[in-house]
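Have a look at the structure below, then the notes.
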Amino acid sequence: MRKYVILGVQGSGKGTQSAMLADDLDLVHISVGDIFRWHVKRHTKLGAQVRRLVAAGELVGDDLVEDVVRDRLQLHDWNYGFIIDGFPRNRRQAEFFLESYDIDGVIHLDLPDEEVRRRVLARRLCSRCGMDYNLIAHRPETEGRCDVCGGELVSREDDSPEVLARRLEEYHSKIDPVVELFRRKEYVMTIDARADKAAVQRTIRTRFNLPPYLPSQEEPVRLSG
Ligand code: AMP
């Protein structure tokens, strides 16, 4: 059983690295942001509660987030473990998590703000099937159209320069205490996230003594986040 938390600013590759780990280690990838986006898209009651905050890039209330995480982990569909992405985002969430679950490690992806801006503003998402693109690293074959389903590519509502600036500020003020709290337990590995995704994945695996990443494996499909 392997249980990890992955922390990192928007655009640091949390979703991609989590999907690469989850794919061949059979971990369940739990992205709190994806859960919220799923609810917003399907107009559920929870979706209505969080829609405005998610679009503005503001944090959803801790009680609600904790309920979502607890309910998700209670499904116990993670026989080989899980990797949780986008949580905890502040000290209180970290304390809740540490009281309720034990984890094997925290993967802390570190990326300078300037690089975050460059990456995030290039992100696109298929409005029909949710496939991710990036105008720097993963361009669609036809501009503005999804390679898989032909749907229109759009930016995530929270990937605008204004929202990003606010999120970066919020991220730094809230996440540093979380990293400190986890560090006291000595299982945080800070990883330089500027390298390409295969190199970052290799570093994560070396640092956590995991089986090596085999680049010949088929790319895991990532839907948003
Ligand atoms: P993400 O995909 O991780 O960037 O999350 C997208 C949005 O979901 C965030 O901007 C928040 O509005 C909400 N969200 C995700 N995770 C959390 C969390 N741990 N605490 C509060 N809000 C969250």
Side-chain angles (χ1 to χ4, degrees), residues 4-19 21-22 28-73 82-101 103 106-109 111 113 115-117 119-126 130-134 154-179 181-182 193 222-225:
Y4 300 106
V5 165
I6 189 161
L7 302 175
V9 69
Q10 191 182 7
S12 60
K14 278 176 302 176
T16 301
Q17 297 301 330
S18 302
L21 283 169
V28 172
H29 174 203
I30 301 173
S31 158
V32 178
D34 282 353
I35 295 175
F36 286 143
R37 278 185 290 276
W38 187 94
H39 282 274
V40 169
K41 202 165 172 192
R42 279 160 191 82
H43 303 283
T44 66
K45 193 171 154 210
L46 175 62
Q49 283 173 281
V50 302
R51 193 185 60 81
R52 197 193 57 75
L53 293 167
V54 171
E58 283 168 29
L59 291 188
V60 171
D62 292 333
D63 289 334
L64 205 55
V65 173
E66 286 166 17
D67 285 348
V68 164
V69 170
R70 197 184 292 111
D71 290 351
R72 181 63 191 83
L73 289 173
F82 59 78
I83 178 155
I84 186 156
D85 153 6
F87 177 89
R89 285 275 237 279
N90 59 31
R91 198 185 165 92
R92 171 171 150 186
Q93 292 179 7
E95 281 165 352
F96 155 82
F97 195 66
L98 284 169
E99 277 162 23
S100 317
Y101 306 94
I103 43 171
V106 176
I107 304 164
H108 175 221
L109 297 179
L111 194 69
D113 286 1
E115 179 63 10
V116 174
R117 272 189 282 275
R119 290 188 186 185
V120 166
L121 299 179
R123 280 208 297 216
R124 297 293 181 276
L125 186 69
C126 174
M131 183 82 178
D132 290 307
Y133 293 84
N134 188 295
V154 294
S155 292
R156 250 167 66 172
E157 228 178 319
D158 56 349
D159 279 350
S160 70
E162 301 74 31
V163 172
L164 179 60
R166 193 167 54 241
R167 283 178 61 137
L168 278 172
E169 208 177 277
E170 165 129 29
Y171 176 81
H172 289 299
S173 67
K174 302 234 161 108
I175 214 73
D176 293 352
V178 171
V179 174
L181 198 72
F182 281 130
R222 266 197 70 221
L223 299 180
S224 82

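Predicted, not measured: the structure shown is a model, and the values here were computed from it. In each ligand, atom 1 is the first atom listed, and ligand 1 is the first ligand listed.
Looking at ligand 1, you'll find an N or O of R37 within less than 3.5 Å of one of its N or O atoms. The shortest N/O to N/O separation between Q10 and ligand 1 does not fall below 3.5 Å. At least one N or O atom of E58 sits closer than 3.5 Å to an N or O atom of ligand 1. Close N/O approach between P88 and ligand 1 is not found [any backbone or side-chain N/O within under 3.5 Å]. Of the polar atoms of D34, none of the N or O atoms is found under 3.5 Å from an N or O of ligand 1, judged by distance alone. Residue F36 has no nitrogen or oxygen atom sitting less than 3.5 Å from a nitrogen or oxygen atom of ligand 1, judged on distance alone. For the pair R167 and ligand 1, the shortest N or O to N or O distance falls below 3.5 Å.
Checked by atom type, the side-chain pair H29/D34 shows no donor-acceptor distance below 3.5 Å. Side-chain contact, Q17 with D85: no donor N or O sits under 3.5 Å from an acceptor N or O.
Heavy-atom contacts of Q93 reach the following atoms of ligand 1: 18 (C), 19 (N), 20 (N), 21 (C) (cutoff under 4.0 Å). Every atom of ligand 1 is numbered from 1 in the order shown, and the set under 4.0 Å from a heavy atom of R156 is 2 (O), 4 (O). Here is the list of ligand 1 atoms found below 4.0 Å of a heavy atom in G57: 10 (O). In summary, the atoms of ligand 1 found under 4.0 Å from a heavy atom of V54, numbered by their order in the structure, are 8 (O), 12 (O).
In this structure a side-chain-to-backbone donor-acceptor pair under 3.5 Å is missing from R89 to V60. Panel note: side chain E115, backbone L111; no donor-acceptor pair is recorded below 3.5 Å.
Within 6.0 Å of the CD atom in Q49, the count of heavy atoms belonging to other residues, nucleotides or ligands exceeds 12. Within a 6.0 Å radius of CZ in R51, no more than 12 heavy atoms belonging to other residues, nucleotides or ligands are found. Residue-environment remark: CD (E58) exceeds the threshold of 12 foreign heavy atoms within 6.0 Å.
With a 4.0 Å cut-off on non-hydrogen atoms, L53 touches ligand 1 through its backbone and not its side chain.
Note: D158 CG to R167 CZ = 5.0 Å, rounded to the nearest 0.5 Å.
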